[in-house]
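Here, residue 1 is the first one in the sequence, and each next residue gets the next number.
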Amino acid sequence: MEDNGNFEKGRDDGFTQANTYQNTQQNLAQMQSQSTESASGFAIAGMVCGILSIVCCCAWYISGILGILGLVFSIMVLVKKIPGRGLAIAGVICASIGIILAIGLLVFALSVDRGISSMSPSEWRSLLDSIESME
């Protein structure tokens, strides 16, 4: 009989099975509504374009275009406050890195192109000799 009394006392405290079940259902519903807010297509596209701009950095023209697209898509998500903020931030970072790599590769290619075309054969030999002496 005392156990039954303790059980009844627990019900008075608000710890009944029905209340606990209700609270659990409400918490699950809140968690599901938060997790079902999927990222927008722009956030995903921004991140994918940003990653591809890094991967394609050897082709500076492709990397530059993908980087710019990734930045545009990601910034649109951040400005309009669309779900997918984390992906958009990752897209901005990856796209920025891709653009920097593309610009760096373009500058390097232009400097090497101008440097190679203006070198005489004797300068080539001295350059090759200095490289061989490093080994």
When you group the ILVMFWY residues by side-chain heavy-atom contacts below 4.5 Å and let the links chain together, are [Y] and [X] in the same group?
X: V72; Y: I51; result: no
X: L87; Y: I82; result: no
X: I100; Y: L110; result: no
X: F108; Y: I97; result: no

Qualifying residue, where the test is side chain to side chain contact (heavy atoms under 4.5 Å, CB included) with C57 and the options are L105, L52, L66, L101: L101
Roughly how far apart are [X] [atom1] and [Y] [atom2], rounded to 0.5 Å?
X: I99; Y: C94; atom1: CD1; atom2: SG; value: 11.5 Å
X: L128; Y: S133; atom1: CG; atom2: OG; value: 11.0 Å
X: L71; Y: C49; atom1: CG; atom2: SG; value: 10.0 Å
X: I93; Y: I54; atom1: CD1; atom2: CD1; value: 9.5 Å
X: I103; Y: L106; atom1: CD1; atom2: CG; value: 8.0 Å

Minimum heavy-atom separation for [X] to [Y], with atom names?
X: A88; Y: A43; result: N-CB, 4.3 Å
X: V77; Y: S40; result: CG2-OG, 3.6 Å
X: A45; Y: F73; result: CB-CD1, 3.7 Å
X: M47; Y: S74; result: N-OG, 4.2 Å
X: G98; Y: S53; result: CA-OG, 3.4 Å

Polar side-chain atom of S63 near backbone of A59 as donor-acceptor pair, under 3.5 Å: no
Sequence neighbours excluded - ring-ring contact (aromatic ring centres under 6.0 Å, His included) pairs with any residue from residues 77-100: none
Pairs meeting criterion ring-ring contact (aromatic ring centres under 6.0 Å, His included) with involvement of residues 44-71, two or more places apart: none
From CA spacing to verdict: side-chain contact (heavy atoms from CB on, under 4.5 Å), L78, R85: CA-CA 6 Å; L78 293 173; R85 180 176 164 83; 3.8 Å; yes
